[in-house]
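I have placed the structure first, in the form of structure tokens, so that the comments after it can refer back to it.
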Amino acid sequence: MNPDVLDIAAHVRSRLAASAESLGIPTTTFVLDRPKDAAHGDVGLGCFPFAKALGKSPVEIAKELAASVTPDEVIESATAVGPFVNLRYRREALAESVVRGVLEGAAPYGQWAHEDKCVVIDFSSPNIAKPFHVGHLRSTVIGAALRRVYSHCGWRVEGINHLGDWGAQFGKVIVAWRRWGSDEDLERAPMRHMFEIYVRFGQEAPNDPSLQEEASAAFRALESGDDNEERAIWRRLREVSLKAFQGPYTRLCVEFDHVTGESFYEDKMKATVRQIEEAGITTLSEGALVVEVDGMPPCILRKTDGTTIYATRDLAGLFYRRDTYGFDRALYVVGAEQRLHFRQLRAVLERLGWPQAAQVEHIDFGLILFHNPDTGRWEKGKTRDGNAIFLSEVLDEAVANARRIIEDKNPELADKEAVAEAIGVSAIVFNDLKNSRVKDVKFDWEEMLTFEGETGPYVQYAGARLASILRKAGGAPTGPVAWQALADADSVLLTMLEYGPTLQRVLDKNEPSILTGLTTRLASSIHSYLREHHVLSAEPEIREARLALVAAARKLLDNGLSLLGMTSPEEM
RNA sequence: GCGCCCGUAGCUCAGCUGGAUAGAGCGUCGGCCUUCUAAGCCGAAUGUCCCAGGUUCGAGUCCUGGCGGGCGUGCCA
């Protein structure tokens, strides 16, 4: 933290710890949190865990501890309420610490100090044989958010788009292209066309066994390494797809540090397999080279037909990442249906004796479910007519909705199109990041296009109101601020104070929804505050203090949203 | 069959390392725009935290066993 700005949370923690120590209380198990009832105080500490060690009741300990924490420039009071010690910040200390902390970009509000830690995040990783549909949204959006949060918190981050650009499916793609591909259609609607011929392959294969054989042969030819016809087709289709993906990535503000697909490991696979063989943990089983793992099906390294499988490529990727980046954490933002695969990978690493095996984590997330009106249930995979919903359609629909609402609510708005894009796209991102990862997401147009309540636009709207006040005031105050004037803003300030711990929890659990929740609560406290407290018409001293608060809240909201991959329009 | 995940208000979900009276949004009902954006605010009603045991001073949270749903389960990713 900026040495000029006092970190009041740390201050309270150390004051409490000092008092606790003098009473013989072990401070390792300190759990400070915000009391459920705000009337109790700003920070609470339950004394239950100390009772056994001290041989006293929690109530008694709370009383003693509260008595030993004397007020100072930060702590207004420490009171025992039953078994809890509750502290109250001095309002001016709270306001100054938070508002200056944010405005001056001090950690944890601004960039955290660089740590010598590296995280490798594998996310998005679309299969380039298939269109970029809504199913890819989750990995993309969750991974991109994690990438930014880790970076904000001082980690070195290697965000990798591990494209699905290799594997047996490309045999099918190549054959489908040879039979039904059209240059003209590929030019006009590349993803649509590739999807169509891929689907056609799936439809015709059951009636025509030669297709499947041809596909296997094509992948063998591709994997042979020769510069043959198969490779030329593969290269061309890969390029076209990659270009087509750039559209959604740009709209979603998603960036990667490396775009290295499975094909990147083509020439590293042999060495990987050899290393694992040399470790003596492989066996030959039913014609395939496998690693047996406890309580699970074996992990296959080389199929009976001699070609590799995704496990081989993921292992090659892990070897590469370890050697190249020396990661402390390796995250795979991949759907929950691949849990077994990642448990197998980790088990292989453990058998290899990797010390960092436990740091290889599958960041799993739930499925996107579609409503089936025939069964009345939510089901995996397809929409009713069997068509995949393209991500760009979803974004377009949300933007169109934003456009309609702007026309209705704020028709005078300048630059409507850009604002509609910002609102629509962010609404989709927010919708995907608002619940915990593991929950399945029900694909519901109505819910996604709702802009009221706990939604992206709700949070953006709070930011736009703040921005509007700042605009009218001509900016944030520059002179000294009468912090005590913000005594009535504690709900906003205390919520802002949670920013640091929230980011820490996002990292601990690899769970962006925790941050989404904070932005919602911050927006909510802002909306309420603005209703009760007028800024521009207040007495000069109060007006200046409130402006400082408004500037800080706006900035923090903006920071939080950009970490999530959302934009905050100045007006909406 | 086995493994893993989920089960909290009518619906969608929060609930942090077990701790204070289980909370939001949507929907319902009732208020609030001659003051900085009503995409908003305020209020009301709404609970067998799936069930049964157990551990604990204390369980929505931990353990065991059920029930319901989902995903996966050897050469797709």
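Every heavy atom of this structure was used, including side-chain atoms; hydrogens, water molecules and symmetry mates were not. Within every chain, numbering begins at 1; the chains are lettered A, B, ... in the order of the sequence lines, protein sequences first and strands thereafter. Please read all numbers here as calculations on a predicted model, not as lab measurements.
- For B/rC41 and B/rG54, the C1' atoms lie 47 Å apart once the distance is rounded to whole Å.
- In this structure, a donor-acceptor pair under 3.5 Å is absent between the side chains of A/Asn401 and A/Glu397.
- Residues A/Ser568 and A/Asp558 have side chains that bring a donor and an acceptor to within less than 3.5 angstrom of each other.
- With B/rA77, B/rC41, B/rA39 as the candidates, the nucleotide lying closest to the side chain of A/Gln338 is B/rA77.
- Taking the side chain of A/Asn435 as heavy atoms from C-beta on, and the options B/rC71, B/rC42, B/rC13, the nearest nucleotide is B/rC13.
- Using a 4.0 Å heavy-atom criterion, one finds that A/Arg302 contacts no nucleic acid atom at all.
- For A/Tyr461 against B/rA39, a side-chain-to-base donor-acceptor contact under 3.5 Å is absent.
- For a distance-only test at 3.5 Å, the side chain of A/Arg505 qualifies as a donor-acceptor partner of the base of B/rC16.
- Across all strands shown, A/Ile423 has heavy atoms under 4.0 Å from base atoms, whether or not it also approaches the sugar-phosphate.
- Residue A/Lys442 is classed as a sugar-phosphate contact, given heavy-atom separations below 4.0 Å to backbone atoms only.
- The stretch residues 404-412 of chain A touches RNA chain B through A/Ile405, A/Ile406, A/Lys409, each having a heavy atom under 4.0 angstrom from the strand.
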Query raised in the report: After noting the C-alpha distance and the side-chain angles of A/Ile160 and A/Ile121, does the key distance pass the side chain to side chain contact (heavy atoms under 4.5 Å, CB included) rule?
Result: CA-CA 6 Å; A/Ile160 301 174; A/Ile121 309 179; over 6 Å; no
Query raised in the report: Yes or no on side chain to side chain contact (heavy atoms under 4.5 Å, CB included) for A/Phe430 and A/Val459, after CA distance, side-chain angles and deciding distance?
Result: CA-CA 10 Å; A/Phe430 187 94; A/Val459 181; 3.8 Å; yes
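- In this structure, CE of A/Met448 is placed 16 Å from P of B/rU12, rounded to the nearest angstrom.
- Judged by closest nucleotide on RNA chain B, A/Leu530 is the one of A/Ala288 and A/Leu530 placed further toward the 5' end.
- In this structure, A/Glu262 reaches the sugar-phosphate backbone alone: every heavy-atom distance under 4.0 Å involves primed, P, OP1 or OP2 atoms, never a base.
- We find that CG of A/Asp364 is positioned 15 Å from C1' of B/rG3, with the value rounded to whole Å.
- Remark: P of B/rC5 and NZ of A/Lys509 are 15 Å apart, rounded to the nearest angstrom.
- Rounded to whole angstrom, the span from the NE2 atom of A/His341 across to the P atom of B/rG3 amounts to 22 Å.
- In terms of position along RNA chain B, the nucleotide closest to A/Lys472 lies nearer the 5' end than the nucleotide closest to the other residue of the pair A/Lys472 and A/Gln169.
- The C1' atoms of B/rG69 and B/rG25 are separated by 24 Å, rounded to the nearest whole Å.
- Side-chain contact between A/Glu498 and A/Arg34: present, with at least one pair of heavy atoms (C-beta onward) separated by less than 4.5 Å.
- Counting non-hydrogen atoms under 4.0 angstrom, A/Val334 reaches nothing in the nucleic acid.
- For A/Arg471 against B/rC36, a side-chain-to-base donor-acceptor contact under 3.5 Å is absent.
- Close placement of the A/His341 and A/Tyr310 rings is indicated, their centers lying within 6.0 Å of each other.
- Taking atom P on both nucleotides, B/rG70 is separated from B/rC29 by 34 Å, rounded to a whole Å.
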Query raised in the report: Reading nucleotides 18-27 of chain B from the 5' end, what letters show protein touch, with B for base, S for backbone sugar-phosphate only, - for no heavy atom under 4.0 Å?
Result: -BBB--SSS-
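- Taking the 5.5 Å centre cut-off and the 30° plane limit, the aromatic side chain of A/His527 is not classed as stacked on B/rC41.
- Look at the C1' atom in both B/rG31 and B/rC67: the space between them is 45 Å, to the nearest Å.
- Atom CG in A/Leu32 sits about 14 Å away from atom P in B/rU17, given to the nearest Å.
- Using a 4.0 Å heavy-atom distance criterion, A/Ala168 is classed as a sugar-phosphate-only contact.
- Between A/His162 and A/Tyr265, the angle of the ring planes lies from 30° to 60°, which puts this pair in the tilted group.
- In this structure, A/Phe195 has its ring center no closer than 6.0 Å to that of A/His133.
- Anti is the conformation of B/rC41, whose glycosidic angle sits further than 90° from 0.
- Pairing partner, B/rG68: B/rC6, with both Watson-Crick or wobble hydrogen-bond distances short of 3.5 Å.
- Pair assignment for B/rU73: B/rG1, on the basis of Watson-Crick or G-U wobble contacts that are both within less than 3.5 Å.
- The two residues A/Trp234 and A/Asp165 have their closest heavy-atom pair at NE1-O, 2.8 Å.
- For A/Ser468, there are no side-chain hydrogen bond (donor to acceptor under 3.5 Å, both in side chains) partners at least two apart in sequence or on another chain.
- With rounding to whole Å, A/Arg339 atom CZ is found 13 Å from B/rU73 atom P.
- The two residues A/Thr567 and A/Ser426 have their closest heavy-atom pair at N-OG, 3.2 Å.
- Nucleic acid contact class of A/Arg546 (heavy atoms, under 4.0 Å, all strands): none.
- For A/Glu421 and A/Lys416, the salt-bridge test fails: no basic side-chain N is under 4.0 Å from an acidic carboxylate O.
- The gap from the P atom of B/rC6 to that of B/rC62 amounts to 9 Å, rounded to the nearest Å.
- The residue A/Ser285 sits close to a base: some heavy atom pair falls under 4.0 Å.
- Base engagement by A/Glu286 is indicated by at least one non-hydrogen atom pair under 4.0 Å involving a base atom.
- B/rG23 and B/rG68 are spaced 32 Å apart, taking the P atom of each and rounding to whole Å.
- Minimum atom distance to the side chain of A/Ser436 is reached by B/rA14, of the listed B/rC76, B/rA14, B/rC71.
- The nearest whole Å value for the distance from the CZ atom in A/Arg437 to the P atom in B/rC13 is 16 Å.
- Across every strand in view, B/rU28 sits in a pair with B/rA44 that passes the Watson-Crick or G-U test at under 3.5 angstrom.
- For the P atoms, the distance from B/rA24 to B/rC33 is 25 Å, rounded to whole Å.
- Using C1' as the reference atom, B/rG18 and B/rG58 are 8 Å apart when rounded to the nearest Å.
- In this structure, A/Ser525 and A/Ser491 approach most closely via the heavy-atom pair CB-OG, 3.9 Å.
- Counting any heavy atom pair closer than 4.0 Å across all strands shown, A/His162 reaches no nucleic acid atom.
- The CD atom of A/Glu337 sits 10 Å away from the P atom of B/rU73 (whole-angstrom rounding).
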